[in-house]
Amino acid sequence: MNFRSANLFTRLLEMSPLSAKELSRVIATAPHRYKSHFIEKRHGRGKRLISQPTAELKYFQRWLVDNELNQLPVHDAATAYRKGRSILDHATPHAKQRYLLKLDFKDFFPSLNEHSLRHCLERDCNYSEEELEILCNLLLKSASVDGGPLQLSIGAPSSPFISNYLMWEFDIAMQQYCDVMGVMYSRYADDLAFSTDTPRLLDQVFDTVQKILASISYLPLILHPDKTVNVSKKRRRLLVGLTLANDGNVSIGREEKRRLRAALHAYTQGRLPCDEVARLAGMLSFVWSIDPKFVENLCQRHGFSRISDLLR
């Protein structure tokens, strides 16, 4: 395909140090410009494939999101990967509700593919066929070294935004259903959360999600049945690693607080390994975004006025 005739190619060329020939080569080979490795999932649940694009491909992906695609719609129910949003925004709306349902998509990023992206861009934009080819090549990864379908990768800086955009129609349908039923809804990447004060009302949500997915043909997503959790305040309620307390607040939980207290005490006693200090400071910074009073009290108890004092 002749990429050079596309207006998008011209815009990319103007902001790039590459020549037209070099840019054409990057676009043509972009789906294969990834280095992959596996990392362990939490709680020993197997391994996750991470595919990192090359530095120059990351540059183009970030530019496309910031300058070319930044006006594409993302639903307010999507709380992940958004500036000014965090897991706290995902958990807080559900904390005061009595009943909580958690659902999870299986293989979320890899399931969002070229067909998904093309469908949505054709619906919302006026890109030519050449421009659609450029966008799919630059934003998606080949499923294997031998080729195969193009899909979102875990590791590309553009994938989080693109995933939220591709889920826009699903989030609209899900929110409309929940508004009618009197159910709270939010989504953090592949984690779906529903809550209500009405007994048994959440029992039908799983089937409703299935029906909505079936009605959106460009989303080949399936729910992970083993990760479905339906609990009430009578049991411990966890959401994206946070504890929904029965008093309506969101917390990191007693066990995590105990570990942090122990780690900070070990640090003040000179018993915390050096390579653990930065991790402790990072964890405290994260917890501060959830429960600032706990972190401030903990630091003051050990003679620190701020978290950054640990790194000095």
For the student: nearest non-hydrogen atoms of L117 and L135, plus distance: CD2-O, 4.4 Å

Is the closest basic N to carboxylate O distance between R85 and D76 below 4.0 Å? yes

Aromatic plane relationship, H90 with H94 - under 30° parallel, 30 to 60° tilted, over 60° perpendicular: perpendicular

Test item: side-chain donor near acceptor, T10 and N7, under 3.5 Å: no

Heavy-atom nearest pair, I162 first then L152, reads CG2-CD2, 3.8 Å

With sequence neighbours excluded, tell me which residues meet salt bridge (charged side-chain N to carboxylate O under 4.0 Å, His left out) with K102. none

Quick one: list whatever passes side-chain contact (heavy atoms from CB on, under 4.5 Å) with S305, sequence neighbours left out. D309

Set of salt bridge (charged side-chain N to carboxylate O under 4.0 Å, His left out) partners for R235, sequence neighbours left out: none

Ring pair (Phe, Tyr, Trp, His ring centres under 6.0 Å) with F194: which residues, sequence neighbours excluded? Y185

Identify whether the distance between the nearest side-chain nitrogen and carboxylate oxygen of K141 and E114 falls below 4.0 Å. no

With side chains defined as the heavy atoms from C-beta onward, is the minimum distance between F60 and L18 less than 4.5 Å? yes

Please enumerate all residues that pass ring pair (Phe, Tyr, Trp, His ring centres under 6.0 Å) together with Y81, with sequence neighbours excluded. none

Under the salt bridge (charged side-chain N to carboxylate O under 4.0 Å, His left out) rule, collect the residues that match up with D171, sequence neighbours excluded. R187

Note: R301 and R261 closest approach over all heavy atoms is NH1-NE, 4.2 Å

